[in-house]
Amino acid sequence: MAHWLIKSEPDEFSFDDLWQARGRRTMWDGVRNYQARNYLRDGMKVGDQVLYYHSNADPAGVVGLAEVVREAYPDPTQFERGHAHEDPKSTREAPRWVAVDVRAVRRLPRVVTLADLKAEPALAGMAVVQRGTRLSVTPVTPAEWAVVLALGGLRAKQPVAKRK
DNA sequence: GCCAACGTTGGC
DNA sequence: GCCAACGTTGGC
């Protein structure tokens with residue numbers, strides 16, 4: 001099982017929005033960057049655990065935990081005429097972009113702000129703290145995962161969720 | 001709202 | 001294949 005961090009602008013789709021969605025789950029669509037696409041397509045497996053990060057937020061930071069509940073499938077928005085994420089160059093035979101489904105697991109007792117992340121030496125390798133990294137999907141190591149959860153007010157050994 | 005950093009596009 | 005122009009991201 002792998003760990004990931006996904007970014008969302010709360011004005012677009014916040015953790016609360018995910019929490020209130022039907023089944024607390026949503027299609028994670030709209031990724032239009034090849035490297036992020038590759039993580040979605042090749043890396044994410046059902047059951048992988050996800051840090052939900054608010055970007056362009058005050059404060060920016062990790063606000064909750066989610067999990068992957070469906071692995072990559074063609075992102076339907078790439079084919080929708082007039083959709084902001086339409087990609088006229090993508091074909092149904094060879095879709096360029098993929099989506100996964102994610103489900104909210106729990107809110108963190110404390111928001112782990114970007115400043116918190118940057119202040120923690122053990123997290124220096126995380127993409128989100130590095131200058132100029134704009135990827136919306138990035139891998140997280142198990143060690144980083146444990147540190148972020150601890151900063152967020154969860155004990156490291158505490159189970160995150162029971163799979164149904 | 002500003003703007004640095006980055007990825008993509010397209011002319012050549 | 002280079003690289004300038006452009007659009008986007010995202011912290012501040």
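No hydrogens, no waters, no symmetry mates; every other heavy atom, side chains included, goes into these values. Chain letters run A, B, ... following the sequence lines, proteins first, then strands; residues in each count from 1. Source: prediction; values computed, not measured.
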Task: Interatomic distance, D11(A) atom CG to H54(A) atom NE2 [nearest 0.5 angstrom] - done: 9.5 Å
- [ ] Please state how far atom CG in N38(A) lies from atom C1' in dG7(B), giving the value in whole angstrom units.
- [x] 14 Å
TODO: Write down the distance between CH2 (W97(A)) and C1' (dG7(B)), rounded to a whole number of angstrom.
DONE: 10 Å
TODO: Indicate whether OP1 or OP2 belonging to dG10(C) is found under 4.0 Å from a side-chain N or O atom of K7(A).
DONE: yes
Open item on the list: Distance check needed: dC2(B) C1' versus N56(A) CG, whole Å only.
Closed with: 12 Å
Open item on the list: What is the distance, to the nearest angstrom, from the NE2 atom on H85(A) to the C1' atom on dT8(C)?
Closed with: 11 Å
TODO: Could you check F15(A), Y53(A), Y52(A) and say which one makes a side chain to side chain contact (heavy atoms under 4.5 Å, CB included) with S8(A)?
DONE: Y52(A)
- [ ] Could you check how far CG of D87(A) sits from P of dT9(B), rounded to whole Å?
- [x] 8 Å
Task: Donor-acceptor side-chain pairing of R32(A) and S136(A) below 3.5 angstrom - done: no
- [ ] Using heavy atoms to find the nearest nucleotide of DNA chain B for K89(A) and N33(A) separately, return the residue whose nucleotide is more 5′.
- [x] N33(A)
- [ ] Starting at atom CD of E12(A), determine the distance to atom C1' of dT9(C), rounded to an integer number of angstrom.
- [x] 12 Å
Open item on the list: When you measure from the side-chain N and O atoms of K118(A) to the phosphate of dC12(C), is any distance below 4.0 Å, counting only OP1 and OP2?
Closed with: yes
Task: Interatomic distance where OH belongs to Y34(A) and P belongs to dT9(B) [whole Å] - done: 6 Å
Task: Option from E71(A), R70(A), E67(A) for which side chain to side chain contact (heavy atoms under 4.5 Å, CB included) with D101(A) holds - done: R70(A)
Open item on the list: Taking 4.0 Å as the cut-off, does a side-chain nitrogen or oxygen of Y53(A) come that near to OP1 or OP2 on dG11(C)?
Closed with: yes
Task: Whole-Å distance separating the CZ atom of R96(A) from the P atom of dT9(B) - done: 7 Å
